[in-house]
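Sequence lines set the chain letters: A, B, ... in the order given, protein chains first and strands last, and positions in each chain run from 1. Heavy atoms only: backbone and side chains are in, while hydrogens, waters and symmetry mates are out.
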2 protein chains.
Amino acid sequence: MRDNLTERSKQILEAIIEDYIVTAEPVGSRTVTRRHGLSLSPATVRNVMADLEEMGFLASPHTSAGRVPTDKAYRLYVDSLLGVRKVAREEREEIRKHCSLTGKDIGEVLHETSRMLSSVSHYMGIVVAPHFAANVLRHLEFVKLGGRRILVILVSQSGSVQNKIVETADDFSSNDLVRMSNYLNELLAGLTIAQVRNRLLEEMENAKTRYDALLSKALQLSQQSLPDKDSEVFIEGQSNILELPEFADVGRMKEIFRAFEEKGQLVGLLDQCLGAQGINIFIGAESRLSQMAGLSVITSTYMTGRNTLGVLGVIGPTRMGYAKVIPIVDYTAKMVSRLLEME
Amino acid sequence: MRDNLTERSKQILEAIIEDYIVTAEPVGSRTVTRRHGLSLSPATVRNVMADLEEMGFLASPHTSAGRVPTDKAYRLYVDSLLGVRKVAREEREEIRKHCSLTGKDIGEVLHETSRMLSSVSHYMGIVVAPHFAANVLRHLEFVKLGGRRILVILVSQSGSVQNKIVETADDFSSNDLVRMSNYLNELLAGLTIAQVRNRLLEEMENAKTRYDALLSKALQLSQQSLPDKDSEVFIEGQSNILELPEFADVGRMKEIFRAFEEKGQLVGLLDQCLGAQGINIFIGAESRLSQMAGLSVITSTYMTGRNTLGVLGVIGPTRMGYAKVIPIVDYTAKMVSRLLEME
DNA sequence: ATTAGCACTCGGAAATGATGAGTGCTAATA
DNA sequence: TATTAGCACTCATCATTTCCGAGTGCTAAT
């Protein structure tokens, strides 16, 4: 079987995909000729469609329905059929409008970005916060809470803040804490969290630091307080997909909502995107996650300088409006990158 | 119409409610006699049921179905029919298990609490984080990010941390920032955030501080960085309510999910509970929110000392297992209160 | 190579009917 | 007088049937 599609079959396939994207109904041969200015008879189109089905680009839900694009068809569509389009002006403005840092914390900014993505795309917005461990430590601080509880605050280069409550055996004074944090800030400045972890271990082994019991304690303490959280994920606009006819049945719905409540697997998927810079698209089953059947993900990485910080994107049905959403995701990633630029 | 129910009608009403809570199906006269050891004939029960309907405790979906409790019935049920019950041992253990502070930040703790509430109750767990403004400031810190951006970190007495990025006109050195934060920490220690706000205004008016330009700037800066966020809400277990038959239809689902995506109104409802200490119950339409039709909320405040910190609870269908959930919410609130006790 | 024509398929909507849980009322009963 | 047995009636639910038409594949004509 030659996988070489003629120009005409490509046109027809494209017509079917685009029709299906808006209607969500199986597309018949007649509709193709009617709604798209092809000067061909339905019968001819039928022949072509039969070929396309055999090649795996189309599927028929049953004998006498029209045809529906397969994942393979969407893949072809985004890879070669779809030209590069620009972001529409109003969309660009809506995205820009949301881009401001001042008066918020990083978490909020990303959360809002996710909400914005969902509202612009009408699907679900998703943003994965910078993986803290890959970040450079900027500042560390101990604050004494009541009792033996100490609050440890870590600030990363990109301005995100993590804090942790640690219970200690010793009762440190505020002064102790100041001394400890000064010492550690000096010791650890400019290292990534991952490096910090190693550095602490080294230093603890190293006998020469033992001369000061307090500093030795400091090492222990900071060791405990390194973040072990998995990256934060913001998913917004889940109710948008309730509107989609393909998820109208309750069983399917349940599955999806369960999947998104358990964010772990999703993170796994998105972490893959961290490696590949730029736009990344998973269509339906391509993601190897059964819960993602019928869903596509469009992501892009955002970064400062040449440090990849995180991933953001849109999740929608496989029949999502790729032509519109891809540029949106791309543009948003660029804007967020610029926003987080800390020189 | 005497609203005085006889002992017998109360028993029957209770039987109907409890049956409906587990089955979610209209309850017929026959079922009442069968499943609950009442030595009465269905016919008698029917008469009583007719009375109860007239009094507004029951409703019939249609002529030949059984009857369904109204909000009024549930209200009577929780207020007078329902005895005080203890938390089951396994539940108590599951709640305890989740109660640990160390190695987490306050946000995480509350988030997990919400998740725990949902998993123990099988409905939705909800936790409103302490309203920062009502909290006492413990510590304030400025961290220089790139450019003219400064990260302001506020720590409250209860150990919760807020941070904010502020863009400044002046380019402060790290030393400046240390000096500024020392000054402010001294000035503001022990005040609630609300008081801090006032104090800053006073101080800024006050000419005597003007002798030091830097400190004057510090006041401005900290003023900008006071939190204006509305309180954070953690809602977990939304997929639990997908299991409930009464929400099986897609339209109803959509409404609910939309409502919870827009957390604002919910916060309004929960803020009312902040005033009344202890358990608080809204049944169905009582909350005056149309989106809450068919849903009940059980909340309790949590606090340290005699400072109310926030609200937590469970949202479920009006036919929720009150007998089980009320003690759970009560117990959880107590545990969280104890957990956050910072002496 | 394209198209008109036609028999055929099959899901979905509407119509029909049987089932049975549940009711309200009346008259008999304790 | 309160309770109950009996009975006719109601009405949602479910299964069955019927009908319709969009859409197909094939064949023969263009």
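Paired runs in DNA chain D that reach 3 or more consecutive Watson-Crick or G-U pairs, where each pair keeps both distances under 3.5 Å, cover C:1-30 with D:1-30.
Atom pair B:Leu40:CG and D:dT4:C1' shows a separation of 10 Å (rounding to whole Å applied). Rounded to whole Å, the distance from CG on B:Asp51 to P on D:dA2 is 12 Å. For the pair A:Arg34 CZ and D:dG23 P, the computed distance is 8 Å after rounding to whole Å. Atom CG in A:Asp19 sits about 10 Å away from atom P in D:dG23, given to the nearest Å. Residue B:His62 contributes atom NE2, which lies 5 Å from atom C1' of D:dA12 at whole-angstrom precision.
Using a 4.0 Å cut-off, no side-chain N or O of A:Ser64 falls inside it from OP1 or OP2 of D:dA22. Of the side-chain N and O atoms in B:Thr44, none sit less than 4.0 angstrom from OP1 or OP2 of D:dT3.
For A:Glu53 and A:Arg46, the salt-bridge test fails: no basic side-chain N is under 4.0 Å from an acidic carboxylate O. Note on A:Arg319 versus A:Glu18: no salt bridge recorded, every NZ/NE/NH1/NH2 to OD/OE distance being 4.0 Å or above. Between B:Glu246 and B:Arg252, none of the side-chain N atoms (NZ, or NE/NH1/NH2) sits under 4.0 Å from a carboxylate O, so this pair counts as no salt bridge. Ion pair A:Asp71/A:Arg75 not flagged as a salt bridge, since none of the NZ, NE, NH1 or NH2 atoms sits closer than 4.0 Å to an Asp/Glu carboxylate oxygen.
Summary of the strand contacts: B:Pro42 and B:Thr63 both lie near DNA chain D, and taking for each the nucleotide with the nearest heavy atom, the more 5' one is attributed to B:Pro42.
Counting only distance, with no hydrogens or angles, the side chain of A:Thr6 and the backbone of A:Ser9 share a donor-acceptor pair below 3.5 Å. A distance-only check finds a donor-acceptor pair linking the side chain of A:Thr70 to the backbone of A:Ala73 [under 3.5 Å].
Listed here is the closest heavy atom pair of B:Ile283 and B:Ser296: CA-OG, 3.4 Å.
Tested against A:Ser239, the residues B:Lys254, B:Glu255, B:Glu261, B:Glu262 include a single side-chain hydrogen bond (donor to acceptor under 3.5 Å, both in side chains) partner, B:Glu261.
If you check every strand for non-hydrogen atoms under 4.0 Å, A:Ser29 touches sugar and phosphate atoms only.
Between A:Tyr322 and A:Tyr74, the angle of the ring planes lies from 30° to 60°, which puts this pair in the tilted group.
On the nucleic acid side, DNA chain C has its first and last nucleotide under 4.0 Å of a heavy atom of chain A at C:dT2 to C:dG11, going 5' to 3'.
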